[in-house]
Student: 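First, the structure itself, so that you have it in front of you.
Within every chain, numbering begins at 1; the chains are lettered A, B, ... in the order of the sequence lines, protein sequences first and strands thereafter.
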Amino acid sequence: MWLHPLLVALCFASGLALAQSSPARAQDRIHVTTTTTDLRSLAEAVGGDFIDAVSLVPANFDAEEYQPKPQDVMRLRNARLVVRVGLDYDLWFDRLLEASAKRDIKRGGPGYVDASFGIAPLEVRGVTVGPGDGHAHGSGNPHYWLDPKNAEFITANILEGLTRIDPANAGTYETNRKAFLERLVQKLTEWETRLAPLKSMPIIAYHNSWPYFARRFRLDFADFIEIKPGVPPSPSHLAGLIQKMRTRGVRIVVREPHEPERDAAFVAVKAGASVVVLATSVGALPNTDDYLSLFEANVATLIDAVVAR
Amino acid sequence: MTEALGFLWPSFLVAVCLVGIHAYFGIQVLARNVIFVDLALAQIAALGATVAFMLGHPAQSLATYGYSLAFTLLAAVLLAFTRAWATRVPQEALIGVIYVVAAAASILLIDRAPQGAEHLKQILTGNILTSGLNEIVVIVPLYLAVALVHFLFRSRLTQSGSLFWEFLFYSTFGLVVTSSVALAGVLLVFSFLIIPAAIGVMFASSLPRQLAIGWIAGTLISAVGLAASFAFDLPTGAAMVCAFGAALALAGLIYPFFRNDRFIALRITVAAARWSVAALIAGSAVQLAVAPRADQPLLDILEYAAPSLRGLYFTRTEAATWQDANEYAERHGLAAEQLIELERRRRTQGEALDDVAVQRISSFLKSYAEMRKGEQFVMGEVRARSRERIRWSMGLGLLAVALLLAPFPWRRLRARLSG
């Protein structure tokens, strides 16, 4: 068998380059633990091959009501960087950090990243209660990652954290983030044009998870089935809601995969609308494997629902 | 009003069906002393559904229902045996064990079947409000069939007998509970089961009369609970459960008037009421004297109902400061709501707000929240200081009122002292 020496050299060179750009062994990677899958996806976008990211809350679960497991403490023991949603969304994470007994990743430590830093929270009613116990969303609506533009802030916070603990590779992280944001901006304009026909079309959602999404894409989430989290809707609220849907001609009811199917179907049937299942987290539905495809899937589902009617 | 009726009557029909079958089973369950058996069966059915989810069956499918049913029948076998096993350990203890183990097992399995989390929450709270004719066409034939079986074998089924009849009792009961818990939730089904039956058993001794009283009471209470939930804007299931609880308390109050001498019953009731009010006031007096800065539930409720009561112990400056802070707090709250509304409107109407404008609104909202909290702190502080000032005088005054209200045998005491 004869190989061209040039080809051999090329193979060798590319192998060398590969070995340089990504740590060959898995244990050399920086372990990053995030609370949600969305943050994991964004951390991967910044960290690339240099990090090994895990998220604690399974995609289909309600992150606000997550109960940590013993394995989660182990996942934190290995972590050099933790990334959380903040805004009182993942309050259970504070106790977990306390249990991990690692000073570096605690609040204020070099390995601690609150991804909400710098975000402009919407619908702020009351003050945050800080770590430990909490009141529902005292520091504003926490679903800020559903505005793709906020990914700029989130990735900036992650970049800062990674640079703190791994200054040697700061350049690569910055390049990764820039490349990701370029793709995101491109996609964002595409999504905006695709969703333009839905502007000011009234939509009902099960829970108020969508203000950031609504603001970016100029959608009108007119009302919600469950106004207080965890409290089933009262009959007068549902009656008023159905009345509103009829007068305003609401044709779409949005629910998340973990929210009760029957309640959403009930109001939809009464008001002649159809139920659309949208994901608020990466991996909650098929074809939502990363941050970009999460929006891709949601945009496509919304448009399909409007076209189908 | 007509709108409310149009909205509530399907739920009311469901409630009537559920009361119909559960009042009967409730009387049986009370007689057998297996009060929590419905919780155990419902939890086992939920465990079956969770297993089905884990194996990849969708929520409303026949397979899921089949798993639920199979698990329930297995539990019926277990329950039929518990009476035989329950020689030293009471049967109710074994039922409790079945309940907690089934609940824990489903939590373990949820890890592998995420939809199970929603399902488990659903069986706890249920939602009778969103059930209606679609559900009625399923449950009515089922309940009629169960009722027919129980009517045909009434002599065997109304008393505990051999293993087979026990099994038949628990499996038919399991069938009923599996379907009803999915509609109304564990809490409401438990109320349907126990409370009409308890009221029936209280006021009658023969089964037909107990049933009739239970049905009438259950239907009326359901109507009241549904109406209250509409009128006061409350979650339906929880409102109905509280209505059932209140009705049982009321029945307990009326009960003595049917049994004993009416005059004695009245005297006992009045004495009990006076004791409780006196204890409440005395407790508040002690709380005020010992910890004037702490919450004073009785005073707070009274002041909430009649704000002018504060004038009784506030000085003029305190009243003015309190009023001022209250107005500012409301103003800040209102301003924040207006800003939130403005931002909400501009999402779809007119020119979109740019990121800088949203950032500014956001920081304004945070400031308003802080300022509002500051004003509320001032209000709390003014009230606490004012209460500190009157802790002894008002505490003693309240204690005196409590002593006056309490039905102490003053006369006998005086007679003994003088004699």
Student: Measuring from B/D233:CG to A/I227:CD1, what's the distance to the nearest 0.5 Å?
Tutor: 6.5 Å
Student: Given the options A/D62, A/L238, A/I119, which has more heavy-atom pairs under 4.5 Å with chain B than any of the others?
Tutor: A/L238
Student: Side chain from CB out, backbone as N, CA, C, O: work out which of these in A/F221 comes under 4.5 Å of a heavy atom of chain B, or both, or neither.
Tutor: backbone
Student: If you measure from NZ on A/K270 to OG1 on B/T130, what distance do you get to the nearest 0.5 Å?
Tutor: 10.0 Å
Student: Does the side chain of A/P235 reach to within under 4.5 Å of the side chain of B/S229, using non-hydrogen atoms?
Tutor: yes
Student: Between A/I242 and chain B, with a heavy-atom cut-off of 4.5 Å, which part of the residue counts as in contact: side chain, backbone, both or neither?
Tutor: side chain
Student: Just so I know, are the side chains of A/P211 and B/R344 near enough to count as touching, which here means a heavy-atom distance under 4.5 Å?
Tutor: no
Student: Between B/T236 (side chain) and A/S234 (backbone), is there a donor-acceptor pair under 3.5 Å?
Tutor: no
Student: Given side chains that start at C-beta, do those of A/E123 and B/E341 come closer than 4.5 Å, heavy atoms only?
Tutor: no
Student: For B/R347, run the side-chain contact (heavy atoms from CB on, under 4.5 Å) check against A/R216, A/K199, A/R215, A/R218 and tell me which one passes.
Tutor: A/R215
Student: Supply the atom-to-atom distance B/L234 CG to A/H237 NE2, rounded to the nearest 0.5 angstrom.
Tutor: 13.5 Å
Student: CD1 of A/I203 to OG1 of B/T348: how many Å apart, nearest 0.5 Å?
Tutor: 10.5 Å
Student: Select, from B/E337, B/R346, B/Q349, the one with the greatest count of heavy-atom pairs under 4.5 Å involving chain A.
Tutor: B/E337
